[in-house]
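Heads up: the structure comes next, in structure tokens.
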Amino acid sequence: MPELPEVETIRRSLEPRLTDRRIVSARFLSPLAAGGHPEELSAQLCGERITGLDRLGKHLLIRLANGTLDIHLRMTGKLLWNVPPGFYARAVLSLDQGHVVFDDIRQFGRMRWLPPGIDPPNLGPDALGLDFGTFSARLGGRRGSLKALLLNQSVVAGLGNIYVDEALFCARIHPLCAAAHLGRRRLRRLHQAVADVLADALAAGGSSISDYVNAEGAPGSFQLRHQVYGRAGEPCLCCGAPLRRIFVAQRGTHFCPRCQRR
DNA sequence: TGGAATGTTCGGCT
DNA sequence: AAGCCGAACATTCC
């Protein structure tokens with residue numbers, strides 16, 4: 001499940017291979033991958049020169065001489081460098097040197113073109129490198145649960161189910177806790193926890209739960225260091241209490257009932 | 001065997 | 001406004 005650390009890992013590995021390359025053709029094996037308009041998107045990409053790669057939240061932004069190719073991998077999307085397109089290949093970007101395969105089992109992932117100067121709308125500030133002032137201003141006074149707010153991409157961009165659970169455990173804060181009555185000290189702790197978890201995950205090349213791999217086909221290793229995610233029923237690595245799994249905002253939520261009091 | 005669970009986003013509804 | 005819910009999709013797991 002590509003969240004910020006996974007998308008950033010992909011961005012870093014693809015950036016040197018794609019920058020200054022020219023898109024020779026964009027072939028869509030599934031129209032869904034192009035938002036239902038494969039011919040139009042193909043025409044927008046064909047012949048374009050790639051000037052660089054950015055990331056905003058979970059969006060990978062391939063900057064073109066004219067506009068941006070915005071890629072969202074959603075749940076099972078992968079970008080693979082120079083592999084033969086497999087059964088689940090949904091698009092192939094052929095460059096003047098090499099090609100990128102957009103592979104996506106469940107077909108939730110999307111590619112779209114954005115005009116010059118336009119970034120994906122409705123996104124809050126990127127979670128990576130977010131300063132405390134902005135972080136507290138985004139969360140402060142809001143009534144929803146921390147879990148729901150941190151998952152909301154218009155509040156903060158880039159966190160998904162895994163890293164929200166891990167960050168809340170790291171800060172020892174209950175996922176159902178309302179942002180509005182979070183004191184400054186705990187807000188500080190949460191901000192630090194988000195930064196720490198993202199940095200560690202990035203250094204480990206992200207988390208591979210079911211099928212995430214980077215552009216070279218290699219898995220990440222941060223799943224080996226998850227404290228709570230996917231560990232319901234197992235002992236808390238801090239206090240030994242059995243970890244719990246509840247539903248918050250329609251999402252499986254993992255936490256330690258002893259370390260993370262409400 | 002089939003129904004639920006998996007997780008991200010969006011749109012519709014309240 | 002903000003939250004809840006289902007839909008999009010395919011595979012895995014009981």
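Predicted, not measured: the structure shown is a model, and the values here were computed from it. In what follows, chains are A, B, ... by sequence order, proteins preceding strands, each numbered from 1.
- Residue pairs meeting the side chain to side chain donor-acceptor pair (under 3.5 Å) criterion with at least one partner in residues 212-221 of chain A, sequence neighbours excluded, are R17(A)-E216(A).
- Identified under the ring pair (Phe, Tyr, Trp, His ring centres under 6.0 Å) test for residues 109-135 of chain A, with sequence neighbours left out: F132(A)-H191(A), F135(A)-H191(A).
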Distances under 3.5 Å between nitrogen or oxygen atoms of protein and nucleotides 12-14 of chain C:
none

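- The ring pair (Phe, Tyr, Trp, His ring centres under 6.0 Å) analysis of residues 63-84 of chain A, with sequence neighbours excluded, yields the pairs H59(A)-H72(A).
- Annotated stems with DNA chain B as a participant read B:2-6 with C:10-14, B:8-14 with C:2-8, given as range with range, by first number; only runs of 3 or more Watson-Crick or G-U pairs under 3.5 Å qualify.
- Judged by the 6.0 Å distance and 45° axis criteria, R90(A) is not positioned over the aromatic ring of Y88(A).
- Counting only residues at least two apart or on different chains, the side chain to side chain donor-acceptor pair (under 3.5 Å) pairs with a member in residues 138-147 of chain A are K147(A)-N161(A), K147(A)-D165(A), K147(A)-T253(A).
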Can you check each nucleotide of nucleotides 4-11 of chain C against protein heavy atoms at under 4.0 Å and return B for base, S for sugar-phosphate only, - for none, in 5' to 3' order?
-> SB--BBBS
Return a table of donor-acceptor pairs under 3.5 angstrom between the side chains of residues 239-250 of chain A and protein atoms on other chains or two or more places apart.
| unit_1 | atom_1 | unit_2 | atom_2 | d |
| --- | --- | --- | --- | --- |
| R245(A) | NE | H254(A) | NE2 | 3.4 |

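- The ring pair (Phe, Tyr, Trp, His ring centres under 6.0 Å) analysis of residues 13-52 of chain A, with sequence neighbours excluded, yields no pairs.
- Scanning for salt bridge (Lys or Arg N to Asp or Glu O under 4.0 Å) contacts around R106(A) gives an empty result, with sequence neighbours left out.
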Please list, one pair per line, the donor and acceptor atoms closer than 3.5 Å that link side chains of residues 174-188 of chain A to other protein atoms, with sequence neighbours excluded.
| unit_1 | atom_1 | unit_2 | atom_2 | d |
| --- | --- | --- | --- | --- |
| H174(A) | ND1 | L176(A) | N | 3.0 |

Using nucleotides 11-14 of chain B, report all nitrogen or oxygen pairs with the protein that are shorter than 3.5 Å.
none

